[in-house]
Amino acid sequence: MATKRLTMAQALISYLSRQYVARDGQENTFFAGVWGIFGHGNVAGIGQALQQYSKDIRYYQSRNEQAQVHAAVAYAKHKNRLQTFACTSSIGPGATNMLTGAALATINRIPVLLLPGDIFAERTQAPVLQQLESEHTQDISVNDCFKPVSRYWDRLYRPEQLITALPEAMGVLPSPAETGAVTLSLPQDTQTQAYDYPAEMFEKRVWTIPRPRPDISQLQRAVQWIRESKTPLIVAGGGVHYSEANAVLQSFVQKTGIPVGESQAGKGALPYNEPLNLGAVGATGTAGANIIAREADLIIGIGTRYSDFTTASKTAFQNANVRFININVAEFDAYKQNALPLVGDAKVTLEELLVAIGDWHTSESYQQRCRQFNTEWDAEVQRIYDIRHQPLLSQGELIGMVNTFSRPQDVMVCAAGSLPGDLHKLWRTRDPRGYHLEYGYSCMGYEIAGGMGVAMADPQRDVYVLVGDGSYLMMNSEIVTMVQEHIKVIIVLLDNHGFSSIGGLSKSVGSDGFGTKYRYRTDSNQLDGDVLPIDFAQNCASLGAHTIKAKTSEEFMNALEEACRIQGKPVCIVTEVDRSARGNDYESWWDVAVAEVSENADVQQARQNYEANKKKERHFI
Ligand SMILES: Cc1ncc(C[n+]2csc(CCOP(=O)(O)OP(=O)(O)O)c2C)c(N)n1
Ligand SMILES: [Mg+2]
């Protein structure tokens, strides 16, 4: 057997550069590169290997290990999971900085390979700098924290363990059903140890991504259920995008007359102006989608994991006889809501259903009602887009300006705060890739790093990152990486002096926005003084971004024009928005538990409302 003598890190990097995936006959490298920050836990191992193989696989330097995972995940999400990055870190804090990113990847079902450095396998030196010691075992490090947030986890004490670990990791990463974060924990000494690896390990390997089809008898039953239904509704989730099922979904909807509600991950499954697209469904849904969901006798979930936002905390589906059919490549999700599970790829399953269903369609009156909802909703969106709030802009009109200004193919990126709820309802998605919301983990700080990942994945499109002041402050450092890499995104920073979203939530639970404003502490010992003097424009300019301040709608539109002319570096438009000019909820509810006892009358009232709403929560057993 031919062998190649390499360090474990060299073997790993060399192997990664030769992994490909193929779907529908289209082939590409699976790893677009390796993100990393070096420390003593990876500089001599992975760092040396990356330098040696820099012609085969590109190294990218980030400012923060969490941010690099966000960038990788955003990249992979935009690529419909067909390509991602590996992320390397040192041991200790560098490694644990990636934990949040790992959880985000796994929750959103997005592939990313994490390579945290680990303490010496040899142990002679222990405790090393940044080592967490345990009195009970030496077989533990902070990297064990990755176990619950990874789909696959391993620690490689010996270089030859790579030979069996890597195929297992690759069995998970490109798998539509299994994917998420994969963590290979790499002790710093093991990374540098040499071994005679089998040469065939370094040959090009293509992993075919299957399109599994559902069980035929389940499919026939599903057809029967659909034919029996009078008021069915499709709930489109992220799986529609990942499977690239948009076109077949559109044919399915047009042929069967079944309307669609979209989850955050599923938004853009259909264009906003497809007549039977009711838009956002659930806690942040449109009136039409939520009314139809409430009455529907059949829900067809496609690629959705039924988060509480999608189901309005299990209150969205109130028809006593409602049944569920779930099309999902992951068995775990397919069985949710006590559904008839069609375990399979969304695209081919819809193709099969389309044939099997024949000429059946919903009644003209039902379709007419749904089309009416679509039209009425668009008028509501326009009303909000047209608001000219004084003296500060409202968030809704700002979303309207970005939407109207951007081209259909451009991408809007967001993750946390009050923006996601407004965007879910108000963003007119014209292209399946146009709406990028990380709402599985809704992680403050994802926005800018994520926007960079999307821009790297698709340089033909302009990327608009919509970010609140809170999220911006939590993680803005990848602006520097974009400057370094000549990457452009347009960051629209909405300054409302703190957490408008949680402030509103706090009010709704009777707590008056406590702790959610960016204000000075005063003699009353509360954070109720003047607003903090944060100069966001100077802040992003200091990192190297082209920065524009805008106050009025006219200034904001001019700023967008100016932003379009800038090339090869990030642009940041800083604008103040009115914290109190918030969007409405439409026919929906979200379960946030309220204090059962309190001396505060507002809390008592909130609790009463809470208990009344909670009665609508349903089990589907
Ligand atoms: C990492 C992280 N910490 C805390 C939260 C809880 N949280 C959700 S939104 C939010 C406030 C966001 O503030 P900002 O970005 O200014 O947006 P705004 O609410 O003002 O629209 C907080 C603290 C979160 N989603 N992510
Ligand atoms: Mg804010």
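Since this is a predicted model, take the numbers as computed values, not measurements. Both ligands and their constituent atoms are indexed starting at 1 by order of listing.
- You'll find the ring centres of Tyr518 and His497 outside the 6.0 Å limit.
- Taking the six-membered ring where the residue is Trp, the centroids of Tyr586 and Trp377 are separated by under 6.0 Å.
- In summary, no N, O or S atom of Tyr518 is located under 2.8 Å from the Mg ion (ligand 2).
- Relative to atom 20 (O) of ligand 1, the option among Gly421, Cys414, Gly417, Gly498 with the closest non-hydrogen atom is Gly498.
- Near Ser471, with a cut-off below 4.0 Å to any heavy atom, the atoms of ligand 1 are 14 (P), 15 (O).
- Inclusion of Gly470 in the set of residues having an N or O under 3.5 Å from an N or O of ligand 1 is warranted.
- By the 4.0 Å heavy-atom criterion, Arg579 is excluded from the residues contacting ligand 1.
- At a threshold of 2.8 Å, the Mg ion (ligand 2) has no backbone or side-chain N, O or S atom of Asp495 nearer than that distance.
- The Mg ion (ligand 2) lies under 2.8 Å from an N, O or S atom belonging to Gly498.
- With respect to atom 8 (C) of ligand 1, the closest heavy atom belonging to the protein is Ile502 CD1, 3.7 Å.
- In this structure, Asn539 contributes its side chain and Ile534 its backbone to no donor-acceptor pair below 3.5 Å.
- Nearest to atom 2 (C) of ligand 1 by heavy atom, out of Arg582, His497, Met444, is Met444.
- Ser598 contributes no side-chain N or O that, together with a main-chain N or O of Val603, makes up a donor-acceptor pair within less than 3.5 Å.
- Among the heteroatoms counted here (N, O or S) of Asp469, OD1 is the one nearest to the Mg ion (ligand 2).
- Summary of contacts: the protein heavy atom closest to atom 13 (O) of ligand 1 is Phe499 CD2, 3.2 Å.
- Taking the six-membered ring where the residue is Trp, Trp589 and Tyr610 present tilted rings, their angle falling between 30° and 60°.
- Proximity annotation for atom 21 (O) of ligand 1: of Gly504, Ser500, Ser418, Ser418 comes nearest, heavy atoms only.
- Each of the atoms 1 (C) of ligand 1 lies under 4.0 Å from some heavy atom of Met474.
- Partner of Glu611 under the salt bridge (Lys or Arg N to Asp or Glu O under 4.0 Å) criterion, chosen from Arg607, Lys615, Lys614: Arg607.
- Of the possible polar contacts, one joining the Ser508 side chain to the Leu505 backbone as a donor-acceptor pair under 3.5 Å is found.
- Cation-pi geometry between Lys267 and Tyr435 is satisfied (NZ or CZ under 6.0 Å from the ring centre, within 45° of the ring normal).
- Under the 30°/60° scheme for interplanar angles, the aromatic rings of Phe85 and Trp35 are found to be tilted.
- Heavy-atom proximity to Ser442, at under 4.0 Å, picks out these atoms of ligand 1: 24 (C), 25 (N), 26 (N).
- If you take OG1 on Thr286 and NZ on Lys425, they are separated by 9.5 Å, rounding to the nearest 0.5 Å.
- In terms of N/O distances under 3.5 Å, ligand 1 is not approached by Gln395.
- Where the criterion is an N or O separation shorter than 3.5 Å, residue side chain and backbone included, Tyr441 fails it with respect to ligand 1.
- Counting heavy atoms closer than 4.0 Å to ligand 1, residue Asp469 contributes atoms from both its backbone and its side chain.
- For atom 9 (S) of ligand 1, the nearest non-hydrogen atom from the set Ser501, Gly515, Ala415 belongs to Ser501.
- Side chain of Asn97 to backbone of Gln66: no donor-acceptor contact under 3.5 angstrom is found.
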